[in-house]
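Values below: every heavy atom of this structure, side chains too, minus hydrogens, waters and symmetry copies.
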Amino acid sequence: MDLEQTATQAGDPDDDANTTFSIRVTRGGKVRAFVKKALEFFQVNPERPLVLYSSPSEVSASTIPKLISVAEIIKREYLQGYPVGLHQFNQLLFEDRSRVPVEGENRAGALLLALEGSSHPKQHLAPHMKITLCAKFIPEKPGQRETYQTPSVRKLSRAAKARARQRAKRGASS
């Protein structure tokens, strides 16, 4: 499956900051392609959030594990180029796929059967998830039923700190 079929936009990435850019993670999509598209987006639009989401499906066919893997790889790869990582907002959602009788059908009978207790109707829930990644904290987030993960901070080794000081010293003397 081509990435262009799985990447959807609520707005052009080059437009103003009010629009969001989202990528739908599918079973057939390649993790490498999702990560590449996300990192390119953050290079062009460092101030804007990116939404990764999975579509509702049966539990056995869920793409939530792949979505989480993609988000973690994006955060790890982003941290290699920047000193501070990405803020992450998670939303675990579900869609009820059970059939509810509408007006005119035997709605009262279905309610009585559900309340009777001997034969509970099976609930069909289709889980899906939405992950928002952004370089800056969004104050209006986290919303209802949404969790927040703080960004990681890249730790430099002593040798890397020494090289950075030497580069700074050479740059100042030049």
Heavy-atom check, side chain of I64 versus side chain of L92, under 4.5 Å: yes
Which residues pass the side chain to side chain donor-acceptor pair (under 3.5 Å) test with E146, sequence neighbours left out? K141
Go through the steps for I74 and L52 under the test side chain to side chain contact (heavy atoms under 4.5 Å, CB included), then give the verdict. CA-CA 11 Å; I74 290 169; L52 302 167; 3.8 Å; yes
Taking only Lys NZ, Arg NE, NH1 and NH2, and the carboxylate oxygens of Asp or Glu, determine whether E72 and K75 approach each other closer than 4.0 Å. yes
Is there a path of hydrophobic side-chain contacts, each under 4.5 Å between heavy atoms, that joins L39 and F41? yes
Taking the side chain as every heavy atom from C-beta outward, state whether L67 and Y53 have any atom pair closer than 4.5 Å. no
Does F94 reach the side chain of P56, with side-chain heavy atoms less than 4.5 Å apart? no
Should F42 and L50 be marked as a side chain to side chain contact (heavy atoms under 4.5 Å, CB included) after you check the CA-CA gap, both sets of side-chain angles, and the distance that decides it? CA-CA 8 Å; F42 280 121; L50 171 70; 3.7 Å; yes
Distance in Å, F34 CZ paired with K36 NZ, rounded so as to fall on 0.5 Å steps: 13.5 Å
Would you please name every residue forming a side chain to side chain donor-acceptor pair (under 3.5 Å) with Y148, sequence neighbours left out? H87
Do V35 and L79 sit in the same hydrophobic cluster, where Ile, Leu, Val, Met, Phe, Trp and Tyr count as joined when their side-chain heavy atoms come under 4.5 Å apart? no
For a side chain to side chain contact (heavy atoms under 4.5 Å, CB included) check, start with the C-alpha distance between Q43 and Y78, then their side-chain angles and the critical distance, and finish with the verdict. CA-CA 9 Å; Q43 283 181 344; Y78 181 86; over 6 Å; no
Is atom CZ of R154 surrounded by more than 12 heavy atoms (other residues, nucleotides or ligands) closer than 6.0 Å? yes
Is there a path of hydrophobic side-chain contacts, each under 4.5 Å between heavy atoms, that joins Y82 and L86? yes
E47 and N45: side-chain donor and acceptor closer than 3.5 Å? no
Using only atom types and a distance under 3.5 Å, with no angle test, would you say the side chain of T63 pairs donor to acceptor with the backbone of K66? no
Would you name the heavy atoms of P127 and S57 that are closest together and state the gap between them? CD-O, 3.4 Å
Hey, does T26 have a side-chain heavy atom less than 4.5 Å from the side chain of R24? yes
Report the distance from atom CZ of R158 to atom NZ of K161, rounding to the nearest 0.5 Å. 8.5 Å
I'd like a table of donor-acceptor pairs (distance under 3.5 Å, sequence neighbours excluded) in which one partner is a side-chain atom from residues 129-139, with atom names and distances.
none

From S54 atom OG to H128 atom NE2, the distance as rounded to the nearest 0.5 Å: 7.0 Å
State, yes or no, whether a side-chain contact exists between V31 and I73 at a heavy-atom distance under 4.5 Å. yes
